[in-house]
Amino acid sequence: MNKYSAFLLAAASVFTVASCSSDSSTSSDTTTVTTPTGTAPDSTAGHAGGHTYACPMHPEVTSTQPGQKCPKCGMDLVHNDQVSNGKSYQMKFEPTPMQLVAGQPATLTYIPQEVGNEAAPVPLAVVHEKKIHLIIVRKDLSVFYHEHPEFTADANYKVPFTFPKGGDYVLFQDYSPAGGGHQLGRQVVNVQGAKYTPVKFRQDQMQWEQDGYQATLAFDKELKVGQLLGMRITLRKNGQPVTDLDKYLGALGHVVVISEDTERYLHVHPNDQADKGPAIGFNTSFEAPGLYRVFLQFNHGGQIHTGNFTINVKA
């Protein structure tokens with residue numbers, strides 16, 4: 001498995017993390033600390049009766065046979081030592097200024113910590129060319145940003161960001177400690193200033209158009225929970241198929257799926273394919289029904305483009 005397929009899908013384990021993380025807002029005198037839980041089984045269990053193998057994204061899926069694939073996402077199962085080191089992690093968050101204001105530049109600072117040993121450094125693995133993928137969405141899921149905090153001499157990760165409007169935003173940190181399992185931090189922050197007007201999504205939206213690009217979202221089965229789904233996004237520009245996609249962070253496309261209440265989060269990456277479009281294939285699954293927003297990012301013509309869709313998943 002190459003580094004570009006290091007985590008094709010964050011589904012069951014990430015769902016658990018998102019629902020267990022804190023949902024507190026940042027104020028002028030508080031620091032939000034998010035503690036993901038339930039992502040890392042004890043790696044020593046793999047040596048009890050011979051080697052065992054597990055899915056990097058679904059550590060509860062195990063096998064005693066090498067060369068198997070995860071039935072939830074299709075990823076190759078890897079030796080348990082590569083999935084988890086048995087430790088728990090949290091992400092400390094400190095914005096500057098502490099009270100975020102719309103239109104004013106801010107610095108978002110993150111420090112990954114080992115729970116119970118917070119002073120110890122936590123090196124992060126490079127996944128899709130970055131150590132932290134920071135996803136910022138408005139609480140209504142109408143606006144999406146994908147940022148990458150960079151490691152600094154102060155042993156933390158920082159990224160500048162300016163919130164365009166006031167209101168509530170949700171910040172997800174997608175990261176993997178070296179030798180540990182995949183983690184997801186989550187904070188809700190309130191930004192002062194002129195408020196955005198919330199958008200209410202209801203109906204399926206399977207088409208997206210902007211700047212001459214058209215994208216069509218399709219699934220190979222009915223959208224229901226508890227089954228592996230083949231997801232296909234087909235791209236066209238000015239009516240013509242796009243067959244020369246460039247890679248973005250080592251992949252032809254990235255998809256983030258977030259539930260309407262922002263409690264469930266999936267980071268989906270494409271299947272291996274030899275061509276460069278117009279269709280990009282993914283695998284995904286849903287563990288809870290409801291409305292979800294689907295955000296696609298792709299690289300074409302030297303620019304990163306972001307499309308969005310709306311889907312309703314049945315029970």
Undergrad: Do Arg186's NZ or CZ and the ring of Tyr265 fall within the cation-pi criteria of under 6.0 Å and 45°?
TA: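 Ring-cation test returns no.
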Undergrad: Determine, step by step, whether Arg264 and Glu287 satisfy the salt bridge (Lys or Arg N to Asp or Glu O under 4.0 Å) criterion, reporting the C-alpha distance in whole Å, the side-chain angles of both residues, the deciding distance to 0.1 Å, and the verdict.
TA: CA-CA 9 Å; Arg264 299 181 181 275; Glu287 295 195 343; 5.4 Å; no
Undergrad: Pick one: which of Phe93, Phe161, Phe151, Tyr175 meets ring-ring contact (aromatic ring centres under 6.0 Å, His included) with Tyr110?
TA: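 Looking at Phe93, Phe161, Phe151, Tyr175, the match for Tyr110 under the ring-ring contact (aromatic ring centres under 6.0 Å, His included) is Phe93.
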Undergrad: Does NZ or CZ of Arg138 lie under 6.0 Å from the centre of the six-membered ring of Tyr196, at an angle within 45° of the ring axis?
TA: yes
Undergrad: With the side chain counted from C-beta on, respond yes when Arg293 and Phe295 share a heavy-atom pair under 4.5 Å apart, and no when they do not.
TA: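 Yes; the side chains approach each other to less than 4.5 Å.
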Undergrad: Considering all heavy atoms of both residues, which atom of Thr284 and which atom of Phe286 are nearest to each other, and what is their separation?
TA: CG2-CE1, 4.1 Å
Undergrad: Assess the pair Tyr248 and His128: is the distance between their ring centroids shorter than 6.0 Å?
TA: no
Undergrad: Between Tyr213 and His305, is the ring centroid distance below 6.0 Å?
TA: yes
Undergrad: Taking atom types as modelled and ignoring hydrogens, do the side chains of Gln90 and Gln183 form a donor-acceptor contact shorter than 3.5 angstrom?
TA: no
Undergrad: Please report the closest heavy-atom contact between Ala315 and Pro289, naming both atoms and the distance.
TA: N-CB, 3.7 Å
Undergrad: Would you indicate whether Lys195, at its atom NZ, is surrounded by more than 12 heavy atoms from other residues, nucleotides or ligands within a distance under 6.0 Å?
TA: yes
Undergrad: For Asp246, which residues count as a side chain to side chain contact (heavy atoms under 4.5 Å, CB included) partner, sequence neighbours excluded?
TA: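 By the side chain to side chain contact (heavy atoms under 4.5 Å, CB included) rule, Asp246 matches Asn299.
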Undergrad: Heavy atoms, side chains only, cut-off 4.5 Å: are Lys158 and Glu150 in contact?
TA: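 No. Closest side-chain heavy atoms not under 4.5 Å.
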Undergrad: Are the side chains of Thr310 and Val294 in contact, using a 4.5 Å heavy-atom criterion?
TA: no
Undergrad: Could you check whether the rings of His146 and His148 sit parallel, tilted or perpendicular, using 30° and 60° as the cut-offs?
TA: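 His146 and His148: tilted rings.
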Undergrad: Would you check if Thr216 and Ile233 make a side-chain contact, meaning some heavy-atom pair closer than 4.5 Å?
TA: no
Undergrad: I need the minimum non-hydrogen distance between Gly277 and Leu245, along with the two atoms involved.
TA: CA-CD1, 4.3 Å
Undergrad: Side-chain donor-acceptor pair under 3.5 Å between Gln240 and Asn238, yes or no?
TA: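 Not at all, the side chains of Gln240 and Asn238 share no donor-acceptor pair under 3.5 Å.
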Undergrad: Any chance you could lay out the salt bridge (Lys or Arg N to Asp or Glu O under 4.0 Å) test for Lys200 and Glu260, step after step, and finish with the verdict?
TA: CA-CA 9 Å; Lys200 182 65 176 179; Glu260 184 177 23; 2.7 Å; yes
Undergrad: Can you tell if the side chain of Leu171 reaches within under 4.5 Å of the side chain of Ile135, non-hydrogen atoms only?
TA: no
Undergrad: Is there a donor-acceptor contact under 3.5 Å linking the side chains of His267 and His133?
TA: no
Undergrad: Does NZ belonging to Lys314 count more than 12 external heavy atoms closer than 6.0 Å?
TA: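 It does not: Lys314 NZ has 12 such atoms or fewer within range.
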